Amino acid sequence: MKKVTGEKVIYKFSNEMEPVVTVVQGEIVEVHTNDCFFQQIYDESQILESIDYDLLNPATGPIYVEGAEPGDLLKVKVLDIEVDSKSVAAVVAGEGVLGEQVKNPKVRIINIVDGFAIYDKHIKIPIDPMIGVIGVAPAEEDGEWATNSPWKHGGNMDTTDIRTGSTLYFSVNQKGALLALGDCHAAMGDGEMCFTGLEVPAKVLLKLEVIKSKSIKWPIVETKDHTMIIASGDSIDEAIYEASNQAIGHMRDSLDIQWEDAYILGSLVVDLKVSQVVDPKVTVRAAIPKNIVSTKQIIESIVGQ
Ligand code: CA
Ligand code: ZN
C-alpha cells in the first residue's frame, strides 16, 4: 500500500502536474486530505476574512497510475474515509443561496464523537463522510481548472454520493491519469446551501484500476443501487441538460433501444439530484437505477475512441 501525506497538494488540475507517487493497477493508496481551509480555522473567534485565501481548497496528489493512458477510464473505488474529530463550518456575508440575509458571519468548530457531529447539545448529526474534491488531469482542450471548480475532469463536485463504498469513473486525459483529492466533509446536505459542508481533514483509502479504451464525457459515480452521471454548468439548467443527455445516451447504448425509448424510460426511472449550487459552477447528478441497467452494462457499452 502506498501513502500520500497531506503536505503534497495542488491548487489546480492541469495537464502538467508533477506526480508525487506512482501506483500499479489494483494497488491501494492511503491519501491524507486537508480540510478546505488547510486547517487555518481552529477557533470560533477567528474571522474567516482573516485567513489566507491562497491556501483554500488544497487537493492531495497527484497520483500516477501505471498503465493509464489517454482514452482509458480510471476506476476509483472508495474503500474508506476516516475523518478527524474536529470539523469546521461557516457562513460568510453574501455567500451561498441566502447570502444576502447573513448579518452575523460566523465560524463553528464542531467536534465529532462516536460517529456524531455535536452541533450543539440538542442537535447531533450522524456523520456520513464524503469527498468534496476529486479529479484527474483535464483534457488538453479543457485547459486548467482551479481546485475549487467542478468540470469534466471532476474537481469540486461536492457530491454526497462520493462516499465509502462508491466507485468513481473518470476519463483519463494524461498518462498516469494524475488523480488528486481533498475537501472531505463529515456531513453535507445536497446543495451545500451556505457554501460549506462539515469541513474536515481525513484519511482516504482508494483502490485504483484502469479500464482500457473507454471514455466518458462527465465523471460517473456508482453507488449500491445507482449509476450517476455527475455534470456541471454555469446554471442548474445547463447541468441538468448535460447529466440527462449523458444518462439517456448510456441507457440507449447499454439497453440497445431507440433514443426516444431511452428518453421515455429515463423519465420513469432516472432521478435528477442537486449536488451543489455554490462552487460557483453548479453540479447535478442523473441517477440510473441498477435494477434497470447495471453499471457493468453501461461501462461495457461505451465505445472506445
Ligand atoms: Ca467543496
Ligand atoms: Zn468543502
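Order of appearance sets the numbers: ligands from 1, and atoms from 1 within every ligand. The basis for the numbers below is simple: all heavy atoms, side chains too, and nothing from hydrogens, waters or symmetry mates. These numbers come from a predicted model, not from an experiment.
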Participant: Which value, rounded to 10°, describes the NE2(H185)-the Zn ion (ligand 2)-OE1(E199) angle?
Facilitator: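 About 100° at the Zn ion (ligand 2).
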Participant: Is there an N/O/S atom in D183 at a distance below 2.8 Å from the Zn ion (ligand 2)?
Facilitator: yes
Participant: Does K12 make a cation-pi contact with W145 (under 6.0 Å, within 45 degrees of the axis)?
Facilitator: no
Participant: Would you check if there is a donor-acceptor pair between the side chains of S45 and D43 at a distance under 3.5 Å?
Facilitator: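 Judged by distance alone, the side chains do pair up.
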Participant: Compare every heavy atom of I127 with every heavy atom of A117, then report the nearest pair and how far apart it is.
Facilitator: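 Shortest heavy-atom contact: N-CG2, 3.7 Å.
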Participant: May I ask you to check whether R108 and T196 show a side-chain donor-acceptor distance below 3.5 Å?
Facilitator: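 R108 vs T196: no donor-acceptor pair found between side chains.
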Participant: Between K214 and D72, does at least one N-O distance fall below 4.0 Å, as a salt bridge requires?
Facilitator: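 Result for this pair is no, no salt bridge flagged.
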Participant: May I ask you to check whether D279 and N156 show a side-chain donor-acceptor distance below 3.5 Å?
Facilitator: yes
Participant: Any Lys/Arg nitrogen of D190 or K273 sitting under 4.0 Å from an Asp/Glu carboxylate oxygen of the other?
Facilitator: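 No, this pair does not count.
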Participant: Could you name all protein N, O or S atoms found under 3.0 Å from the Ca ion (ligand 1)?
Facilitator: N156 OD1, D158 OD1, D158 OD2, D183 OD2
